[in-house]
Amino acid sequence: MIISSWNVNSVRARIENIKSYLLKYKPDIVMMQEIKTEDINFPYDEFSSMDYESHVFGQKSYNGVAIISKHKLKNIRTDLIKDKLKQSRIISAEVEFKKKVIQLINIYTPNGNPVDTEKYDYKKNWLDSLIKQLKNLSKKNENIILAGDFNIIPSAEDVYNVKSFEDDALYRLEIRKKLREMINLGFSDVYRHFNEDKEGYTFWDYMRGAWQKNNGMRIDHFLASNSILDNIKSVNINKDPRGREKPSDHTPIEIKLA
DNA sequence: ATGGTCGACGTTCGA
């Protein structure tokens with residue numbers, strides 16, 4: 001089973017790019033972020049005609065997350081985080097795999113820039129709320145896959161020019177520590193589990209020819225409960241969609257379960 | 001040097 005996470009930067013603007021990806025790589029489940037639309041305008045029919053069911057937590061113009069799946073998903077939840085601003089940034093669902101119920105949690109963490117503003121505080125509070133919830137959920141179900149756009153660069157080797165990011169909301173020590181807190185609850189950064197020091201960028205800005213110059217960063221992640229690591233056979237950052245026409249600024253990261 | 005580029009119920013904001 002292939003599970004993919006992809007910040008699509010508008011599901012409607014990206015629909016042809018997404019369909020090409022689904023046709024070519026046939027992921028079983030895609031956890032999407034930044035769909036940038038209300039539920040009512042989500043392209044349900046496009047995906048159902050390709051045998052995907054859709055579960056959507058949308059929002060007008062900004063944010064929004066969704067999970068599309070070829071397998072039946074259960075217990076869809078969008079209430080896992082107390083969000084003062086009521087932004088649509090988290091959706092979870094359960095999928096059964098080899099007699100195990102795996103809880104899939106799809107997140108779009110606030111960007112947090114510029115630092116030392118209410119935006120930065122919102123990111124910190126949002127992450128604190130997520131950590132608290134993860135702690136609770138881990139007690140109930142030891143099989144959790146948390147994926148999405150974390151807007152966190154884990155380490156210096158995960159960004160093209162660390163000097164310019166030292167005081168950025170994606171890399172500040174305080175923010176990296178929150179990722180560490182999550183991992184310390186009993187999770188692994190799946191990409192780093194399989195790749196000790198290999199570059200694994202998932203995002204390249206539209207500006208300044210970042211893609212052509214490979215000025216990227218690794219901010220889209222899969223965290224998996226250590227108890228299900230044995231079921232994860234591989235991880236792949238699929239750079240194909242980023243190089244196509246009308247790309248998102250992010251590219252999908254995929255894990256294979258068996 | 002505050003540029004550059006995307007997307008959205010856009011004439012500006014968020015990334």
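Computed from a predicted model, the values in this text were never measured in an experiment. Letters A, B, ... mirror the listed sequences (proteins, then strands); counts begin at 1.
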_What I want to find out is whether A:Lys177 reaches A:Glu174 closely enough, with some N-O distance under 4.0 Å, to be called a salt bridge._
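Result for this pair is no, no salt bridge flagged.
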
*Any Lys/Arg nitrogen of A:Glu16 or A:Lys246 sitting under 4.0 Å from an Asp/Glu carboxylate oxygen of the other?*
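Answer for the salt bridge query: no.
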
*nucleotides 6-15 of chain B: protein proximity per nucleotide (B base, S sugar-phosphate only, - neither; heavy atom, under 4.0 Å)*: SSSB---BSS

When you compare [N] with [M], how far apart are their [atom1] atoms, in angstrom units rounded to a whole number?
N      : M      : atom1 : answer
B:dG10 : B:dT5  : C1'   : 15 Å
B:dC13 : B:dC9  : C1'   : 14 Å
B:dT12 : B:dG3  : P     : 15 Å
B:dG14 : B:dG4  : C1'   : 16 Å
B:dT2  : B:dA15 : C1'   : 16 Å

*Is the cationic atom of A:Arg172 (NZ for Lys, CZ for Arg) positioned less than 6.0 Å from the six-membered ring centroid of A:Tyr120 and within 45 degrees of its normal?*
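The answer is yes; both the distance and angle limits are met.
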
Could you list the donor-acceptor pairs under 3.5 angstrom formed by side chains in residues 139-146 of chain A, with sequence neighbours left out?
from, atom 1, to, atom 2, distance (Å)
A:Asn141, OD1, A:Asn143, N, 2.7
A:Asn141, ND2, A:Val101, O, 3.2
A:Asn143, OD1, A:Ser227, OG, 3.4

*asked:* Applying the side chain to side chain contact (heavy atoms under 4.5 Å, CB included) criterion to A:Ile90, which one of A:Leu130, A:Asp79, A:Val65 satisfies it?
replied: A:Leu130

*asked:* On a heavy-atom basis, which atom in A:Arg12 and which in A:Pro43 lie closest, and how many Å separate them?
replied: CG-CD, 4.5 Å

*In whole angstrom, what separates A:Lys213's NZ from B:dT5's C1'?*
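Those two atoms, NZ and C1', are 13 Å apart.
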
